[in-house]
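This is a predicted model, so every value here is computed, not measured.
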Number of protein chains: 2
Amino acid sequence: MDAIGFETHDHHSCIRDGLEAVAGYCATNRLQFTPVRRRALEILLQQHRAMGAYEILDQLREDGLGSQPPVAYRALDFLISHGFAHKIERVNGFIACTHPGHDHTPVFLICRECDAVAETHAEPSRGMLGKAASETGFTIEQAVVEVLGLCPNCAPVAP
Amino acid sequence: MDAIGFETHDHHSCIRDGLEAVAGYCATNRLQFTPVRRRALEILLQQHRAMGAYEILDQLREDGLGSQPPVAYRALDFLISHGFAHKIERVNGFIACTHPGHDHTPVFLICRECDAVAETHAEPSRGMLGKAASETGFTIEQAVVEVLGLCPNCAPVAP
DNA sequence: TTGATAGTTGTTACTTTATAACATATCAAC
DNA sequence: GTTGATATGTTATAAAGTAACAACTATCAA
């Protein structure tokens, strides 16, 4: 499995690669990867945990990149609408997507101790989700799966 | 599949049965099914759709059962913590549980047109969710699945 | 039946999260 | 360079949720 978030990894390249991937995608798709948007993504990439919009705004403010809520929310809207970030509804927070560019149904594993979030994927059209939907005649457009629990670092050691 | 919400059904018995089931559970478990809690559940049962806390509060107020936000939130907390209702994070709303008493991982099918919500179930320990979790060493405690789309009543007619 | 205790409700005040609306600036293509 | 679309700055406010404390009610043991 390819979830990132709980294992130690080269976090510097993780940030750099994330920014580069999005920059590339924006370039080829004529999207404006402006300073506010870039910085907002960078802030999210620095942590594999859900951050509040106002927390992000605080950091943007320090960089002189906007000081009012709409600035942060607009940057986040941009990132989310193009699949570069996700909202974690459960905690009203946001995280950078670890698989930008791919169309996917994210599954978030949220640690209730340390707030770390790992992202992995599901295939909603298969399995019981798709089955349940087709039996009721429901048309799936978007699915979110949020799992709360303990990450390996916070789980009690095995007996 | 046993999702309720999209098909037409005997809604009166649906409300009555829901109230009775919860009343029974509370009686045997020494929980206080007070007027506010009972009425809050009844309000939720009247609609198979997510309702906002303030919307519920408005109705409670009309009945003289509390007029300040904490009253509604406390009733909802009670209902949720005992599995009689669920929060739909996606829309900051609440619905009555259609399967009270059973321990379960709910899956919500949310219609973006009419706000109807159908509840069905998943078995997180099986399938990819459990696989993903065990591979990362994550301990699942609670999972929520929210699916956005169109219910059969709102979907465009088949060609 | 009284009194202790835990649980519930009423209320005030406040925090956190999010958005509407409009003015100004910048970009991108002709 | 003008124009139309897109992005930002800003004010003000809406919507969602909670902390804290006082007052009331149920429960149960002595």
**Q** With no hydrogens and no angle check, do the side chains of Gln68(A) and Arg61(A) hold a donor and an acceptor under 3.5 Å apart?
**A** no
**Q** Between P on dT17(C) and CD1 on Ile56(A), what's the gap in Å once rounded to a whole number?
**A** 11 Å
**Q** Could you tell me the separation between the CD1 atom of Ile80(A) and the P atom of dT19(C), rounded to a whole number of Å?
**A** 10 Å
**Q** Determine, for nucleotides 13-20 of chain D in 5'-to-3' order, which nucleotides have protein heavy atoms under 4.0 Å from the base (write B), from only the sugar-phosphate (write S), or from neither (write -).
**A** ---BBBBB
**Q** Shortest non-hydrogen contact from Ala96(A) to Leu45(A)?
**A** CB-CD2, 3.6 Å
**Q** Under 4.0 Å between any heavy atoms, over every strand shown, what does Gln68(B) touch: base, sugar-phosphate, or nothing? Just pick one.
**A** base
**Q** Closest to the Val36(B) side chain: dT9(C), dT8(D), dT6(D)?
**A** dT9(C)
**Q** Could you state the CG-P distance from Leu31(B) to dA6(C), rounded to the nearest angstrom?
**A** 17 Å
**Q** Asp58(A) CG to dT16(C) P: how many Å, rounded?
**A** 11 Å
**Q** How many angstroms lie between atom CD of Glu141(B) and atom CG of Leu148(A), to the nearest 0.5 angstrom?
**A** 6.5 Å
**Q** Regarding Glu55(B) and Arg49(B), does a basic nitrogen lie under 4.0 Å from an acidic carboxylate oxygen?
**A** yes
**Q** List the atom of Ala75(A), the atom of Val36(A), and the distance in Å for their closest heavy-atom pair.
**A** CB-CG1, 4.1 Å
**Q** Could you walk me through whether Cys151(B) and Glu113(B) satisfy the side-chain contact (heavy atoms from CB on, under 4.5 Å) test, starting with their C-alpha distance in whole Å, then the side-chain angles of each, then the deciding distance to 0.1 Å, before giving a yes or no?
**A** CA-CA 8 Å; Cys151(B) 77; Glu113(B) 269 301 303; over 6 Å; no
**Q** I want to verify a distance call: between dG9(D), dT11(C), dC28(D), whose nearest atom is closest to the Arg30(B) side chain?
**A** dC28(D)
**Q** Rounded to whole angstroms, how far apart are CZ on Arg61(B) and C1' on dG10(C)?
**A** 13 Å
**Q** For dT26(C), does OP1 or OP2 lie under 4.0 Å from any side-chain N or O of Thr34(A)?
**A** no
**Q** In this structure, how many angstroms lie between the P atom of dT10(D) and the CG atom of Leu65(A), rounded?
**A** 12 Å
**Q** Distance check needed: dA7(D) P versus Phe33(A) CZ, whole Å only.
**A** 13 Å
**Q** Rounded to whole angstrom units, what separation is found between the CD atom of Gln32(A) and the P atom of dA29(C)?
**A** 10 Å
**Q** Do Tyr25(A) and Phe84(A) have ring centres separated by under 6.0 Å?
**A** yes
